A.B. asks: 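Just passing along the structure, written as structure tokens.
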Amino acid sequence: MTTSLLRVPPPQGLLRPLAVPERLLLGPGPSNVPPRILAASGRQLLGHMHPEVLQVMDEIKAGIQYAFQTRNQLTLAISGTGHCAMEAALLNLLEHGDTVLVAVNGIWGQRAADIARRLGADVHELLKPPGEYFAPWDIEEGLARHKPSVLFITHGESSTGVLQPLEGLGELCHRHGCLLLVDAVASLGGAPIFMDQQEIDVLYSGSQKVLNAPPGSAPISFSKRAREKMLRRKTKPPSFYLDMSWLASYWGCDGEPRRGGRQEVPVSIRDLLPPLCPQGLESSWERHQANCTLLCQGLRDLGLELFVKEEARLPTITTVRVPEGYNWKEITAFLMDNHAIEIAGGLGPSAGKVLRIGLMGCNSTSGNVDRVLRALRDALGQLRRSRL
Ligand code: PMP
């Protein structure tokens, strides 16, 4: 018998079949994946330049154009999560020394500022406490003072539950010679956004929230103004994988023959977009709003205090203050252990202050609102009793 050269044994854990428990994911994402999308992931692969794949890519692009309400040619899906799209947007738009203004009212502005600093940009932050949003005059003052070439703002601040109004911001930015970059990872499909009408220059999202898919596909789109800024770059973007000129070519966005050999596209992401089509975006927005309203009423009936003022509540993720005398970790653990429901605590500036409840895509139903409210009532009762 030959002696094995292997010194590292095969991991025993990998030899056991994977058991995935049934859970209702009502945190800030990921959300549950419906059977139709699960089945799509089981399909056989095709080559990345096969005509069928190129056709699927065109269909994905049209789906994103619909979801974003844009006719931008440079529209595609990055193979990566929301963070990847955030980096792609910033590193393609910014060069060393460029001035960027970042609206920070939660963790996503903080992250964008961090990424921009790593790129060597001159970063200025416009600050608001968690739970608040920016008015046009806040933005105008920042634009006039810092004269940035890019403004970053988050549409759905998932760490605080705020929906940022976008009306007029694009026009304001353009009057000040600045591009508008918007993060819609937590809001796309759940709250209205109109990329072209609102003059947004770069918009991106993710797949594991309202689109109810596994993480790993991030829709992104660039306006003509944003493309022009990228064409004027003096230096190459500091990432090969995320260089938009290459990706634009592979996705057939530049009117030239496609160059392949880049990111492989999971064909299954084509299956994310149809749910937004037959029912329509508008009915998706209405459903998310209606179920959020129902949830907020139920939370108030439980004696809980909502964290965000009514006019700025994000319909996909609701934040409620951790009730006096309770530990948020005990509440989330109780829901998980006794009801198989995930909700989350705060994140970044909202950590320890709030509970976050997400109702996204197929999870946004009145049945799920009832389920989570019943589970919360149970948790508040039991946890209080255990202290008496
Ligand atoms: N932006 C926002 C507003 C988000 O909610 C998230 C994810 N929670 C991200 C960006 C990052 O996305 P991902 O987790 O897919 O990398």
Side-chain angles (χ1 to χ4, degrees), residues 25-33 37 64 67-68 77-91 102-116 118 128 130-134 151-166 180-191 193 200 202-221 239 241-242 263 266 269 272 288 292 307-308 312-319 332 342-351 354-361 363-364:
L25 302 180
L26 301 187
S31 51
N32 290 95
V33 180
I37 294 176
I64 299 171
F68 283 9
I78 290 177
S79 296
T81 69
H83 278 98
C84 191
M86 185 188 273
E87 291 217 299
L90 289 163
L91 71 84
V102 181
V104 180
N105 57 344
I107 201 169
W108 302 108
Q110 292 176 349
R111 279 239 168 123
D114 182 350
I115 295 170
R118 288 167 195 243
K128 281 275 176 194
E132 294 189 13
Y133 61 93
F134 296 88
L151 168 75
F152 173 95
I153 201 158
T154 310
H155 187 221
E157 228 313 335
S158 57
S159 67
T160 60
V162 167
L163 182 71
Q164 170 65 45
L166 296 173
L180 175 60
L181 162 56
V182 176
D183 176 319
V185 173
S187 56
L188 182 76
I193 194 158
I200 297 168
V202 184
L203 182 62
Y204 64 84
S205 191
S207 50
Q208 76 279 27
K209 309 252 176 192
V210 173
L211 297 181
N212 296 130
S217 277
I220 192 165
S221 179
S239 161
Y241 189 69
L242 298 175
Q263 294 181 2
I269 84 150
L272 314 188
H288 283 83
C292 172
F307 187 63
V308 178
R313 273 182 211 142
L314 180 59
T316 48
I317 298 167
T318 299
T319 42
T332 55
E342 179 190 54
I343 65 165
L347 179 68
S350 67
V354 300
L355 294 168
R356 295 183 295 158
I357 305 169
L359 294 169
M360 291 185 274
N363 280 354
S364 172

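If you're wondering where the values come from, they're calculated on a predicted model, not measured in any experiment. One-based numbering, in listed order, for ligands and for the atoms of each.
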A.B. asks: What pairs with Arg111 under side chain to side chain donor-acceptor pair (under 3.5 Å), at least two apart in sequence or on another chain?
C.D. replies: His83
A.B. asks: Who passes side chain to side chain contact (heavy atoms under 4.5 Å, CB included) against Ser205, sequence neighbours left out?
C.D. replies: Phe68, Leu188, Pro219
A.B. asks: Could you tell me whether a side-chain N or O of Thr316 sits under 3.5 Å from a main-chain N or O of Ala186, the two making a donor and an acceptor?
C.D. replies: yes
A.B. asks: Between Ala89 and Leu181, which heavy-atom pair has the shortest distance, and what is it?
C.D. replies: CB-CD1, 3.7 Å
A.B. asks: Please output the residues near ligand 1 using a strict heavy-atom distance under 4.0 Å, listed in chain and residue-number order.
C.D. replies: Thr81, Gly82, His83, Trp108, Thr154, Gly156, Ser158, Asp183, Val185, Ala186, Gln208, Lys209
A.B. asks: Could you report the tightest heavy-atom contact between Gly345 and Thr332, atom names first, then the distance?
C.D. replies: N-CG2, 4.1 Å
A.B. asks: Only counting residues at least two apart or in another chain, list the ones meeting side chain to side chain contact (heavy atoms under 4.5 Å, CB included) with Pro28.
C.D. replies: Ile317, Ala344, Arg356
